[in-house]
Number of protein chains: 2
Amino acid sequence: MSPVKAGKRRTDGARAADGRTPGNRGRATRERLLKCTADLLEKTSYRDLTVIEIARCAGTSPATFYQYFSDVEAAILMLARAMAGHGAALATLIREANWKGKAGFDTAGELVNGFLELWEEHRSLLRVVDLATLEGDLRFQNIRTHLLNQVTEALRDVVETFRSQHPSDLDPTAQAATIVSLLAHVASHRYGFEFWGIRTDHIRRSVTRTLYWTVTGRQPPGA
Amino acid sequence: MSPVKAGKRRTDGARAADGRTPGNRGRATRERLLKCTADLLEKTSYRDLTVIEIARCAGTSPATFYQYFSDVEAAILMLARAMAGHGAALATLIREANWKGKAGFDTAGELVNGFLELWEEHRSLLRVVDLATLEGDLRFQNIRTHLLNQVTEALRDVVETFRSQHPSDLDPTAQAATIVSLLAHVASHRYGFEFWGIRTDHIRRSVTRTLYWTVTGRQPPGA
DNA sequence: TGGCAAACTGACGGTGTGTCACAAACCTAT
DNA sequence: ATAGGTTTGTGACACACCGTCAGTTTGCCA
């Protein structure tokens, strides 16, 4: 799979070719290659995603691809980095919304929806990020963390707020991480549920209630 | 990646070579190949797992591999099928244990441990099962469902038991699926948590409490 | 020991990878 | 417009893996 075992894991950020200053045309093809990588990732299984096809789609030769990325993974890494920022919006939602009473329950619902939408938007990318993370790839693990940690930390702070009124021996960070796990997994397996006859809407309500309860430590209003 | 695009997704169960009756030597090498596939899956990333290496490990030629499996995925599929049965033990635990009061809380803890152990045992395999499932591969999706559905259904029944005393408008199946999502995700990202300073033990307690509450609809005892 | 099915493999055409050295396209200053 | 320099693209290559098939080896037992 990798003819030159050594030279594979090259470091490369948004590098321009060898080390030259990037021009206009260059950025265009780079963008085209990224777009094609993303598109093909939707249609092709990760294992079968190939440089040749990406190049063909972008209307260039495979050699050109290697001028911008060291391998397919590197291109996916770029896409993932671009996506990771989107976690910020969720964190902001958590921090600025009201978590008390009925309004709090609505906030929980919005957060669940936020997760479902984020995963809907970046489904195929998140698949690979998850796999690579589980395989121990630190670069992807960092991205995943960057994405989810913002949410986890925001949730932890909310949990701590309620802790004063409602003491508990649980670790707030662990509770927040638990919730984030739930949200991430449900969001990514949404279609799996539907396939087996479990309506997304039912899941949404169930998760919302669990979320509210775990964060606030109280029974949801009107349950 | 696949020279003959057509002939790839061949059907093959525990088939013996072409159509011949399986002998003793045959089963042995088949087993050896499976073992090597499993071992290499631990060390190699899924994307880089290759027939050549599997064959080398098993001390045979690559051609031999193709006498038993149509491709690497098929071998992994076999391993996954063998593992899927292990969900039964968890379902039994759920069905036969007591879910009331303090004993119920202990049951919840045991279930969480059961998940952690199952994932510990089959980490690399479950990674691939998850990816393939999310990529829409029905064969893997079936395996994953077979594994998790037993648990989900058992939990749903328990949820319904409590429902009579504690009415709710939530769909019991959705609640069970929610819980199973939580358990599966936490089990698979266990090391990720530890890496970021969240002790598995804290997660375990947090999940146990959420599990107990969702199943019974009551505050855990001694909280 | 001969015969026969089961098990294995060498060799091959096809496709993908990753690296060059070189060619083409694009400035920009004269 | 055009020469000279830089950026960008590519053909060709050496290597690795895939998946097939014809033909060989192995093991069994009559």
Side-chain angles (χ1 to χ4, degrees), chain A residues 1-12 14-34 36-37 40-41 44-76, chain B residues 1-12 14-34 36-37 40-41 44-76:
Chain A
M1 194 120 294
S2 33
V4 181
K5 286 285 181 193
K8 188 162 181 197
R9 292 276 183 271
R10 239 194 304 172
T11 60
D12 59 347
R15 98 159 185 287
D18 318 29
R20 297 167 289 190
T21 62
N24 232 331
R25 186 156 64 122
R27 258 173 319 187
T29 51
R30 196 190 133 92
E31 229 49 52
R32 212 157 7 107
L33 286 166
L34 280 175
C36 284
T37 306
L40 286 172
L41 200 56
T44 319
S45 88
Y46 172 50
R47 204 159 198 276
D48 292 340
L49 183 58
T50 145
V51 170
I52 288 205
E53 271 190 89
I54 295 173
R56 182 162 27 234
C57 154
T60 75
S61 100
T64 299
F65 179 91
Y66 289 102
Q67 217 146 41
Y68 295 95
F69 311 101
S70 60
D71 59 24
V72 179
E73 251 189 4
I76 296 178
Chain B
M1 192 119 298
S2 33
V4 181
K5 284 285 179 193
K8 187 161 183 198
R9 291 276 183 272
R10 239 195 304 171
T11 61
D12 60 346
R15 98 163 185 286
D18 319 29
R20 296 168 289 189
T21 61
N24 233 332
R25 185 155 65 122
R27 257 172 323 186
T29 52
R30 195 190 133 93
E31 230 48 53
R32 210 156 8 106
L33 286 167
L34 280 175
C36 284
T37 306
L40 285 173
L41 200 55
T44 319
S45 90
Y46 172 50
R47 205 161 197 276
D48 292 340
L49 183 58
T50 146
V51 172
I52 289 206
E53 272 189 89
I54 295 173
R56 181 159 31 230
C57 155
T60 75
S61 101
T64 300
F65 179 92
Y66 290 102
Q67 219 148 39
Y68 295 94
F69 311 101
S70 61
D71 60 24
V72 179
E73 252 189 3
I76 296 179

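The structure displayed is predicted, hence computed values, not measured ones. Naming: A, B, ... by sequence-line order, numbering from 1 per chain.
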Minimum-distance nucleotide (side-chain atoms of [X] versus [options]):
X	options	answer
Ser61(B)	dC8(C), dT9(C), dT10(D)	dT9(C)
Thr29(B)	dG16(C), dC8(C), dT9(C)	dC8(C)
Thr50(B)	dG19(D), dC17(D), dT17(C)	dC17(D)

Write down the distance between [atom1] ([X]) and [atom2] ([N]), rounded to a whole number of angstrom.
X	N	atom1	atom2	answer
Leu49(B)	dC17(D)	CG	C1'	12 Å
Arg56(B)	dC18(D)	CZ	C1'	14 Å
Ile52(B)	dC17(D)	CD1	P	5 Å
Arg32(B)	dC8(C)	CZ	P	7 Å
Phe65(A)	dG11(D)	CZ	P	18 Å
Arg47(A)	dG16(C)	CZ	C1'	13 Å
Leu33(B)	dT9(C)	CG	C1'	14 Å
Arg30(A)	dT7(D)	CZ	P	16 Å

Does OP1 or OP2 of dT10(D) have a side-chain N or O of Tyr66(A) closer than 4.0 Å? no
Student check: side-chain heavy atoms of Tyr68(A) and Glu31(A) closer than 4.5 Å: no
For residues Gln67(B) and Thr29(B), determine if any side-chain heavy atom of one lies less than 4.5 Å from a side-chain heavy atom of the other. no
Base-contact (B) and sugar-phosphate-only (S) positions in nucleotides 22-30 of chain D, heavy-atom cut-off under 4.0 Å, - elsewhere: ----SS---
Go nucleotide by nucleotide along DNA chain D from the 5' end; which of Val72(B) and Ala63(B) gets its closest nucleotide reached first? Val72(B)
Please step through side-chain contact (heavy atoms from CB on, under 4.5 Å) for the pair Leu40(B) and Ile54(B), ending with a clear verdict. CA-CA 7 Å; Leu40(B) 285 173; Ile54(B) 295 173; 3.8 Å; yes
Where do [X] and [Y] come nearest, in terms of heavy atoms and distance?
X	Y	result
Ala74(A)	Phe69(A)	CB-CB, 4.2 Å
Glu53(A)	Asp48(A)	OE2-O, 4.3 Å
Ala58(A)	Leu33(A)	CB-CD2, 3.7 Å

For the helix from dT1(C)-dA30(D) to dT30(C)-dA1(D), figure out the bend between the end axes, five pairs an end, and round to 10 degrees. 10°
Is there a donor-acceptor contact under 3.5 Å from the side chain of Thr44(A) to the main chain of Leu41(A)? no
Mind checking the CD1-OG spacing from Ile52(B) to Ser61(B)? Nearest 0.5 Å is all I need. 9.5 Å
To the closest 0.5 Å, what do you measure between CZ (Arg30(B)) and CZ (Phe65(B))? 10.0 Å
At 4.0 Å (heavy atoms only), tell me whether Thr60(A) reaches a base, stays on the sugar-phosphate, or touches nothing. sugar-phosphate
